[in-house]
Structures are given as C-alpha cells and as structure tokens.
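By convention in this document, chain letters (A, B, ...) are assigned in the order of the sequence lines, proteins followed by strands, and residues within each chain are numbered from 1. We use all heavy atoms of the structure for the numbers below, so side chains are in, but hydrogens, waters and symmetry mates are not.
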There are 2 protein chains.
Amino acid sequence: MTDIHKPAERRRLSMVDVAAHAGVSVGTVSNVLNRPELVAKPTLRRVRASIKALGFVPNAPARQLRGGASRSVGVMVRDIGNPFFTEVLPGIETRLSQEELLLVLCSSSDSVEKEAYYLQILEQHRVPGILITPAGDDISHLVELRRRGIGMVLLDRPGADSQLCAVAVDNVRGGELAGAHLLSLGHRRIGFLNGPSIVRQCADRRKGLDNAVRAAGLDPGEVVTEVTLPALTPREGEAALERLSLRGGPTALFCVNDTVALGALRGLEQRGVGVPHDMAVMGYDDVEFAAALSPSLTSIRQPKHQLGHAAAELLLTDSRGDAGHWHQEIVFQPELIIRASTGASLSRPGR
Amino acid sequence: MTDIHKPAERRRLSMVDVAAHAGVSVGTVSNVLNRPELVAKPTLRRVRASIKALGFVPNAPARQLRGGASRSVGVMVRDIGNPFFTEVLPGIETRLSQEELLLVLCSSSDSVEKEAYYLQILEQHRVPGILITPAGDDISHLVELRRRGIGMVLLDRPGADSQLCAVAVDNVRGGELAGAHLLSLGHRRIGFLNGPSIVRQCADRRKGLDNAVRAAGLDPGEVVTEVTLPALTPREGEAALERLSLRGGPTALFCVNDTVALGALRGLEQRGVGVPHDMAVMGYDDVEFAAALSPSLTSIRQPKHQLGHAAAELLLTDSRGDAGHWHQEIVFQPELIIRASTGASLSRPGR
DNA sequence: CGCGAGGATTGAAATGTTTCAAATAGTTGG
DNA sequence: CCAACTATTTGAAACATTTCAATCCTCGCG
C-alpha cells in the first residue's frame, strides 16, 4: 500500500528511496536500471515495482556527472527561420533519435558573439558533439573545441584545409550551374542578389557564377551586378530591387537562395515586371515551395534531407572518437532544376 | 608560466585544479564564478587568470546536480518539417535566449509513443518547463507532469478545461472565416483536405467550417466532402485529389494548411484544372510562401511569431511557479487573407 | 593595548548517480 | 560435511559543484 500523505513533497525521490522501499541497496537499484542481467529475477521485479509505485525518475545530471558525456548534441544554425534549415533538420533528427540522442537547437542569428556564447554553454554541458553552420569565416575556435574532445561537424560548409569533418554541397558548382543556365538562355547582364561575402556559401556561389561567365569567354565585371543583402529574407530580397536599375539593367536575377527569390518575385510583380519575359529569375536550394511559386521557380537543388542525415552520421562517428577516423568530408552535388521563372524556352530576353 | 606537458590529458580540469593553481580554496573559486561581489579584487583577478590559463570550463551537470533545475527547456513539436513550426520557433527562441535558456527540440513525428519517450527524457533532465503541441488528444500525462513541478504550456492548442496554460489561435473561428469566405463566393460543394481528426486543430477547423455552412442555412453533410490525409505534406495533399471526384464534385478546396494546399495546387495544375476558375483553393496558416504561390494563395493567417513568443513567456512564468499564477490561456484571433486562388472577384463558380 | 566588527576565506557536507572490490548466500562435487 | 565455485548483493568511494557555518584577518576605536 503506497500512500502518500504529504501534499507536495519538497525533495524529489532518489534511488535511496527506491532502495529503502524495495528493501535492497542503492547499488542494486542502479543495477536494475543499467545492467538488469546481473540482478536476480525476483529482486528485479520487486525493485521495478517500487520504482513504479513511488514514481521515481532518474536524475540525468547526476548520472552524467559520474558517467561522462551527455546524451544531447548541439545543432547550431545561423537562422531557424530559414526554410533551408527546416528541411535539413528532419534529416538530422531522424538519425539522432535512432541513437536516442537529444537535439539542442541553437540559432546564432548570424552573430559570431551569440555563436560563441552558445558554444560555451554547450561545452559546459559536456555535449559529445556539435553540428554547426558557422556564422563567421574563421573556424579556429571550432578546431580548438574539437581538440578538446567535442565531436564537430561542419554543416553545409566545406571543412577545407582544416581538421574538421564536413558535409556540404558544392556551392561553387551550384553557382556555375546557375550561371551557365542563365548564359545559355542568352542573358548577358545578370543581377546577383547575394548575402554578405563573409558567409562562405555566398562567396562560393559567387565564385561559381564568375567561373561560368569566364567559361563563356565573358568578363564577370561586365556581366554580373551584385547587390549584397544584409539578411537573406523575402523582405530584403524585395528591397534589393530598389538598388538595381531594373530597366536597362540586368535581364536576369540570380538569387542566392529561394527565400530571397520569393521576395524578388513578389517585388517584381508589384512593379509590373513580367517574369520570365521581362526578367528571368532563379533561386537556390529548391525548397519545398519553389515548384509552386508564381511562376514556378528555377532553382539549384540541394539534397537537404541527405545532408542532415549524413552530417548526423558523421558527427556520431566523430564524437565516438573512433580510432582510424580522421577528418572526412562529404560533398554532395547540386542539381539544376529548370522551371518557368527562367522561361527556358525563351528565344532571347526581350527588349 | 603555464606549461602543459601532457599531450592529451585524460581527466578534464575541475575547480580543484583551478583552486590549486590560484592558491585558494574551491569555495573561493565557486564564489568567483557565482558571487564575485563577495571576493576581494586581487583574489578575483588571480582566480580569473588561473581559469583562463588552464582553460577551465565549468561542468554544467555537476552544477545542476547541486543547484536543481536545468537551464534548458523542452520544445516538442509534431513535425519539424512543417513550416508552421518553423515560423513559430523564432518567436520561442527569441524569448528563451533572453533568459539564457537552451532550447531542446523534440519532434514527436505525430507518434504518441515517441512523445512519451521524449517527455520522459526531458523529465529526467529536470527541465524547468516544456512547450508542447501534443500528438494525441489525451493530455492527462501532461497535467501529471505539471503536477510534478514541470512548467507546461500547450502550443497551438487550447488548454480547455484542463489545468494547463495554453497559447492558441482560435481554430474554430479560422474554419468559420474560411467557410464563410468560400460560401460568400457562391461555392456550395466544398472539399476539405483535412488531417486526422484526433489532431485537435484539424477537428476544430472542421467544426468552424460546419458552423459557417449552417450559418448560411445549409447542411454541412451536403456541402462538405472531407478527405482525411495521413500526413500534412504536399505529397499527401496532391494524392488526396485522387480521392475527390474533381469534375462534378466540389468547386472549392479548403486545405487544412498551406503545405497541403501547396500539394493540391501542384496536383491541380498537372491535371489541367484551372485555379481559381475551375476550382477555388484556400489554405491555412499563411506561411511565408503563401503569397508567392501560383496563384497566390488565399489563407487564414495565424500570428506565428507572436504565438511562439507568448508561449515562451507563459512558460517562463509557469516554470517559475510564481504564486498567484494559475493556468492561463491566450487565444489569438486568425485573420482571413484573400488572394488570387479563390478568385475573390468571381461571379459564380464555373460549370 | 585590547577588543569587536566586519570582510574575506576556508572546509566540509550535501547533491544523486555509477562502479567495483568485497561480502554473502547458494550450489555442486568430492 | 567441506571446499570451491558461482550468482547476488552490498557498501563506499568518486564525480564536480554549491552552500554555509566557522575561522581568520585587519582595522579602528576606546
């Protein structure tokens, strides 16, 4: 007969209480929880009954204090609002939940300081690993964390020369695909709505675009007009149009991601600029909604779910500290998805 | 001169090491960290120098063991892939990060078992609070957790009779708005692409739709044809069209959310059904991309950022266990956003 | 010169686990 | 009936903190 008289017990139950209730030692209770095969059947039953009767819930921090690393991994993104991350997250979550790992989500909001702050907290929590899309260009602090024993995998960012594992999509190649596509349609003046060039992905896509222009025997300086947005949101995408002379300016717009393209599309419609006739537009990422936009958006597809899954996988091996594992880099290839917004069957851009 | 000879020290540093290095007791080190005002200036300097020199990082689990509750709150969503949650998350994150709280993200994938599993882990971690969109209809287990001292706030779900705080948008009202809009355009046969009715939001929106139909003096059984989707994804939205006799069937489609509407739009286009002329379509949530779809999507707007922010706020007061705080419910009002997909200026649905 | 006040520091208990060597009980073979 | 095992169980140390009563100084004042 378990009978709780106290209306609201102050102290939470511990294994000591369970042990007393079941008439065994704490060591045995611990064994029931962690190595039940060592415990005799009847004892097992009895202890389990006590646990249930008392409503005992093990204390994870205490466990961890003794045991070592935590069961949560950190995932740091630059902006949770970005649908790209939303589509990568399920891939990560799927893999982590298989390992019964908790996912601690941090958003650096593109601030190096906030990133540093969160990293510090994660280290204090003794997480076994961190999956991160760094806010800044310098990743030496990440290498340092890795050296201190925290698994570290760069997400959507090449590890390059550094000692870090990385999972990325080839952004230079993506930029090339986009550039080549627009050039093949006859465009010779391309507006590039880009993010800040300290963001690696942005810089790489620009590089790819330039490569494509040069490959066509043209001068990037002549062909490409870049507008740098402070943030990759629809609002900024729309606002960026102001800084671009629409008439007599570019005949095509390459947006550094679909979110920006969405804003651009909205803005162009308001200004009565027809897409793709007056202006071709393409995005990047091929997020879920790209195909359903008006007009449907040509984009560069990234295997987002796979990206997340592979990153999680790599993090698992990295944080296990498997011998024989040094840094590894997985690079996925982007894919050009042609849709209406670039009017692929266009003879020559108007005017 | 701090000189580390060991190539890779096994044991991590603890406050004991810092104390030794600085020539003080551990108690003092602790004071430096937690109540620096109690410590004499020179000592403070010395200890801080030692911390830096040794690279000491406090151990959060140990801290918590002594101190009590953790600095992480749980956020349980039904599906991280759903853009609705993506747009709610920033609101939550903003508020939590102000309190220097970590956000542990759990996705129940609409499984009651997975939800229960995660809740158990969160309880073990002694989180001070949980923000949750429950997977099932029964929330008694949540009330129980609350009783055990874990702050609990229902997200996007009315707390109703129960003892829980809740932040929600009035889904019945949303359904009414949608229904009234379609009816006012002359539609008399409405297809409703709904989710499983155990999901509260789905059931409520249906109820609202029926209300609107009745308010117009009509019989919901005649007007509404519901198709129940197993999951609220574009894919399922598209597939659902098969189960609806498009010709001679409904003249309008109400989709339980924008993600489903996106799929429906895609499917209708493939089948050559013109929107809004042959079929009016509306969604729910008014997510970021709704305005830019082809055609732009009429939807029911929910104040998503506010929703997240308010939920986090409520959770903070609830987990502080402030006296004078009992359960509180915040209900936001949805708003009808009319766009092209319902062809608002339509005389009468064709055929 | 002695005393008390008050600031600074210390030492040890307490937190809830896990782990492991040692103790105990139970069983089998001789 | 004992020895030698084996299967269980136990008790205490260890983990890294925080907290708090107790101690130690150092001044200032009478």
Would you please name every residue forming a side chain to side chain donor-acceptor pair (under 3.5 Å) with [X], sequence neighbours left out?
X       : value
H141(B) : E115(B)
D110(A) : R78(A)
T28(B)  : S25(B)

Partner set under side-chain contact (heavy atoms from CB on, under 4.5 Å) for E100(B), not counting sequence neighbours | Y117(A), R71(B)
Report the residues that fulfil side-chain contact (heavy atoms from CB on, under 4.5 Å) with V57(B), sequence neighbours left out, ordered by chain and then residue number.
-> E123(A), Q124(A), R126(A), R148(A), R12(B)
Nearest-angstrom distance from the residue atom [atom1] of [X] to [atom2] of [N]:
X       : N       : atom1 : atom2 : result
H125(A) : dC15(D) : NE2   : P     : 22 Å
L13(B)  : dC15(D) : CG    : C1'   : 15 Å
R63(A)  : dT17(D) : CZ    : P     : 21 Å
F56(A)  : dG16(C) : CZ    : C1'   : 8 Å
R12(B)  : dT17(D) : CZ    : P     : 10 Å
Q64(B)  : dT17(C) : CD    : C1'   : 13 Å

Mind checking P58(A) for me? I need base, sugar-phosphate or nothing, with any heavy atom below 4.0 Å counting as a touch.
-> sugar-phosphate
The residue, L44(B) or L65(A), whose nearest nucleotide of DNA chain C is more 5′ is L44(B)
Validation row: C106(A), L122(A) side chains within 4.5 angstrom (heavy atoms) = yes
Quick one: is T43(B) getting a side-chain N or O under 4.0 Å of the dT9(C) phosphate, OP1 or OP2?
-> yes
Nearest 0.5 Å please: distance from the CG atom of L154(B) over to the CG atom of L164(B).
-> 5.0 Å
Quick one: the side chain of R66(B) and the base of dT18(D), do they pair up donor-acceptor inside 3.5 Å?
-> yes
Rounded to 10°, the angle between the first-five-pair and last-five-pair axes of the helix from dC1(C)-dG30(D) to dG30(C)-dC1(D) is 60°
Sorted by number, the residues of residues 23-41 of chain A with heavy-atom contact under 4.0 Å to DNA chain C = G27(A), S30(A), N34(A), R35(A)
Mind jotting down which residue pairs meet the salt bridge (Lys or Arg N to Asp or Glu O under 4.0 Å) criterion with at least one end in residues 85-99 of chain B? Sequence neighbours excluded, please.
-> K114(A)-E93(B), E87(B)-K304(B), R95(B)-E99(B), R95(B)-E313(B)
Among residues two or more places apart or on two chains, list those pairs meeting side chain to side chain donor-acceptor pair (under 3.5 Å) that have a residue in residues 50-61 of chain B.
-> H21(B)-S50(B)
